[in-house]
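FYI, the numbering just counts along the sequence from 1. Because the structure is predicted, anything quoted here is derived from the model rather than measured.
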Amino acid sequence: MLLIIDDDLAIRTSLALMLKKEGFGVKGAASPDDAFKILNAETPELILLDLNFSIETSGEEGMSLLSRIRKHDTAIPVILITGWGTIDLAVQGMKLGAKDFITKPWQNDHLLQSVKTILNLEQQSPEVTNRRKLEEKYQFDNIVGKDAKLLEILETVGRIAVTDAAVLITGESGTGKELIAEAIHSNSKRKSKPFVKVNLGGISSTLFESELFGHVRGAFTDAKTDREGRFEMAHRGTIFLDEIGELDLSSQVKLLRVLQERTFEPLGSSKSRTVDVRVICATNRNLEEMVANGTFREDLYYRINLITVKLPALRERPDDIPLLAEFFMNNLKIIYQRPNLQLSKPASKWLKSLPLQGNIRQLKNIVERTVLLSSSDELDVNDFQASLNAGMISSRSSALPEVGALTLEEMEFQMIRKAMEFHQNKVSKVARSLGITRFALYRRLEKYGISYESEDV
């Protein structure tokens with residue numbers, strides 16, 4: 001049974017009809033007293049609570065009722081219904097334990113999706129498992145490892161994949177956040193639909209709307225044709241928003257709108273388009289800290305992290321390091337046509353002792369560089385040490401300023417300016433030489449006030 005709490009009979013009736021059509025049992029309550037008469041008699045599976053369910057529209061009575069419900073039974077999931085004017089209040093409700101909030105006027109599909117997702121998550125329970133059992137149930141082909149922390153994460157990924165829950169993946173750079181996002185999609189009901197990756201750290205604020213929502217011909221000087229945005233490309237599938245912690249506040253507002261309402265307008269168009277997407281975000285930043293500092297919107301934070309998956313650093317699962325090294329080497333056997341490549345047992349043990357601050361990405365780089373530099377088919381400790389020393393010598397060949405002489409921003413500014421001069425302001429070549437995308441370079445050029453000629457994107 002689902003419980004709807006709202007003093008407006010029309011809203012209760014509308015919600016009840018929609019939910020009953022989907023097979024749910026529904027009861028309605030017009031006041032806190034009515035709600036607790038039902039709660040004292042039975043336990044609903046989920047509660048839909050309108051924050052402004054009374055004549056008094058501040059939402060305080062709704063928040064008070066939410067607190068009473070949480071004290072009565074913390075296990076009952078609550079979805080808040082709110083207008084745009086009370087989103088801040090809904091965020092406070094999320095802190096009190098509400099599972100989600102829906103804004104008015106709601107879309108029936110979106111509200112139903114939220115109800116079904118939360119009920120699915122509540123009904124599932126974690127189980128102790130091993131890699132073999134996971135492989136029998138789910139598809140994790142490209143994720144290597146048997147560490148208990150990783151298996152627990154994969155078990156969570158398998159359970160949440162079948163829902164449409166918004167997922168936030170956190171962890172250090174190089175820990176495999178994109179692979180986890182792909183695994184969620186490939187084990188979901190949307191797996192036959194598009195999986196669209198977006199590196200938000202590589203999109204400047206001026207290009208954000210065009211990239212995410214598309215544009216129509218004539219929207220700006222170089223808009224010669226209509227262009228489909230990433231959200232539209234991901235329709236009925238999954239959109240993966242990587243480096244979400246890099247978004248500026250103005251872009252965060254625009255993103256929140258489409259996540260709330262599931263509608264957007266392409267740049268230059270006044271016609272709204274509806275989109276059905278599952279949203280997965282990732283970051284290596286501490287978003288809670290950013291919220292406290294005012295650099296990340298609190299309402300957006302609660303919108304994207306119904307489920308949080310925190311990936312451990314590779315040094316926290318050292319037994320997986322030899323398995324990953326073998327995996328990379330098996331791929332390199334084909335790429336470099338060296339079918340007899342193998343890892344010696346001492347080398348496997350030695351690799352586990354490396355700090356690997358760059359995590360999986362750094363390990364892959366070390367293995368590949370060692371394969372390229374070694375003429376032996378059996379890679380031993382000496383081969384890896386020689387490879388690491390070669391890398392250190394290479395990195396020291398260019399003199400760096402003394403510690404404290406320049407800030408990181410000053411060094412970045414000087415390097416970009418030097419690259420621009422060397423490549424005669426050709427943005428594509430500069431970006432390639434610096435190892436970043438054009439969009440990431442555009443953001444930095446704007447940040448440092450370095451003039452440039454725009455290229456077609």
Please step through side-chain contact (heavy atoms from CB on, under 4.5 Å) for the pair R361 and N365, ending with a clear verdict. CA-CA 6 Å; R361 192 178 295 129; N365 181 273; over 6 Å; no
What do the steps show when you test E135 against R131 for salt bridge (charged side-chain N to carboxylate O under 4.0 Å, His left out), and what is the final call? CA-CA 6 Å; E135 296 289 357; R131 184 73 198 222; 2.8 Å; yes
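- Judged by distance alone, the side chain of E246 and the main-chain N or O of L200 form no donor-acceptor pair under 3.5 Å.
- Between V198 and E211 the shortest side-chain heavy-atom distance does not fall below 4.5 Å.
- Atom NE2 of residue H235 and atom CZ of residue R273 lie 11.5 Å apart, to the nearest 0.5 angstrom.
- Taking CG of L66 as the reference point, atom CZ of R68 lies at 11.5 Å (rounded to 0.5 Å).
- Contact check for I366 versus L356: side-chain heavy atoms found under the 4.5 Å cut-off.
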For E155 and K133, run salt bridge (charged side-chain N to carboxylate O under 4.0 Å, His left out): C-alpha distance rounded to whole Å, both residues' side-chain angles, the deciding distance at 0.1 Å, then the answer. CA-CA 10 Å; E155 198 273 331; K133 286 182 179 178; over 6 Å; no
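- Atoms CG and CZ, from L247 and R285 in turn, are 10.5 Å apart once rounded to the nearest 0.5 Å.
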Start with the C-alpha distance between V430 and N425, add both sets of side-chain angles, then the distance that settles side-chain contact (heavy atoms from CB on, under 4.5 Å), and finish with yes or no. CA-CA 7 Å; V430 172; N425 291 338; over 6 Å; no
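- Two residues are said to be in side-chain contact when any heavy atoms from C-beta on lie closer than 4.5 Å; K177 and N284 meet this criterion.
- In terms of heavy-atom proximity, E45 sits nearest to L2 at CB-CD2, 4.2 Å.
- D33 and S31 share no side-chain donor-acceptor pair at under 3.5 Å.
- With 3.5 Å as the limit, one finds a donor-acceptor pair spanning the side chains of E288 and Y301.
- Atom CG of L46 sits about 13.0 Å away from atom NZ of K116, to the nearest 0.5 Å.
- Side-chain atoms of N305 never come within 3.5 Å of backbone atoms of I307 as a donor-acceptor pair (strictly under, hydrogens ignored).
- With hydrogens and angles ignored, the 3.5 Å screen pairs no side-chain donor or acceptor of R230 with any backbone N or O of I239.
- Taking 4.5 Å as the limit, some side-chain heavy atom of D319 sits within range of a side-chain heavy atom of K352.
- Of the possible donor and acceptor atoms, none in the side chain of T74 sits under 3.5 Å from a partner among the backbone N and O of R70.
- Of the residues L48, V78, L39, the one that meets the side chain to side chain contact (heavy atoms under 4.5 Å, CB included) test with L3 is L39.
- To the nearest 0.5 Å, atom CG of residue L255 and atom CG of residue L241 are 6.0 Å apart.
- Side-chain N or O atoms of D248 include one that pairs as donor or acceptor with a backbone N or O of S250 at under 3.5 Å.
- A donor-acceptor contact shorter than 3.5 Å is absent between the side chain of S269 and the backbone of P266.
- For the residue pair D100 / S114, a side-chain donor-acceptor distance below 3.5 Å is found, with atom types taken as modelled.
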I would like to know whether I47 and I79 meet side-chain contact (heavy atoms from CB on, under 4.5 Å); could you show each step before the answer? CA-CA 6 Å; I47 294 174; I79 296 176; over 6 Å; no
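- With hydrogens and angles ignored, the 3.5 Å screen pairs no side-chain donor or acceptor of H215 with any backbone N or O of E228.
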If you apply the rule side-chain contact (heavy atoms from CB on, under 4.5 Å), what do you find for I5 with L65, and how did you get there? CA-CA 10 Å; I5 307 176; L65 180 53; 3.8 Å; yes
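- Nearest heavy-atom pair across V144 and R317 is O-NH1, 3.5 Å.
- Remark: the backbone N or O of K27 is not paired with any side-chain donor or acceptor of R12 at under 3.5 angstrom.
- When all heavy atoms of L249 and G294 are compared, the pair lying nearest together is CD1-O, 3.7 Å.
- Side-chain contact, N120 with T163: no donor N or O sits under 3.5 Å from an acceptor N or O.
- Taking every heavy atom of both residues into account, D299 and F101 meet most closely at O-CZ, 4.2 Å.
- Proximity of P194 to M233: side-chain heavy atoms (C-beta onward) are nowhere separated by under 4.5 Å.
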Could you go through the salt bridge (charged side-chain N to carboxylate O under 4.0 Å, His left out) check for K95 and E298 one step at a time? CA-CA 10 Å; K95 289 180 178 178; E298 192 172 33; 2.5 Å; yes
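- With contacts defined as side-chain heavy-atom distances shorter than 4.5 Å, the pair L314/L324 qualifies.
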Steps toward side-chain hydrogen bond (donor to acceptor under 3.5 Å, both in side chains) verdict (E265, S272): CA-CA 5 Å; E265 294 85 38; S272 291; 2.6 Å; yes
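- Contacts of E172 classified as side-chain hydrogen bond (donor to acceptor under 3.5 Å, both in side chains), with partners at least two apart in sequence or in another chain: R315, N359.
- Here the closest heavy-atom approach between residue G245 and residue L287 is recorded as CA-CD2, 3.9 Å.
- Checked options T175, T283, L311; the residue passing with T170 is T283 (criterion: side chain to side chain contact (heavy atoms under 4.5 Å, CB included)).
- Note that the CZ atom of R257 and the NZ atom of K254 stand 12.5 Å from one another [nearest 0.5 Å].
- With contacts defined as side-chain heavy-atom distances shorter than 4.5 Å, the pair Y138/V157 does not qualify.
- Considering every non-hydrogen atom in both I153 and K310, the closest pair reads CD1-O, 3.4 Å.
- No side-chain N or O of S186 forms a donor-acceptor pair with one of Q139 less than 3.5 Å apart.
- Of the options R262, R190, K189, a salt bridge (Lys or Arg N to Asp or Glu O under 4.0 Å) to D276 is made by R190 and by none of the others.
- S14 contributes no side-chain N or O that, together with a main-chain N or O of I11, makes up a donor-acceptor pair within less than 3.5 Å.
- Using a 30° and 60° split on the angle between ring planes, H72 and F36 fall in the perpendicular class, above 60°.
- A heavy-atom distance below 4.5 Å is found between the side chains of R417 and F413.
- Without hydrogens or angle criteria, R217 side chain to D226 main chain gives no donor-acceptor distance under 3.5 Å.
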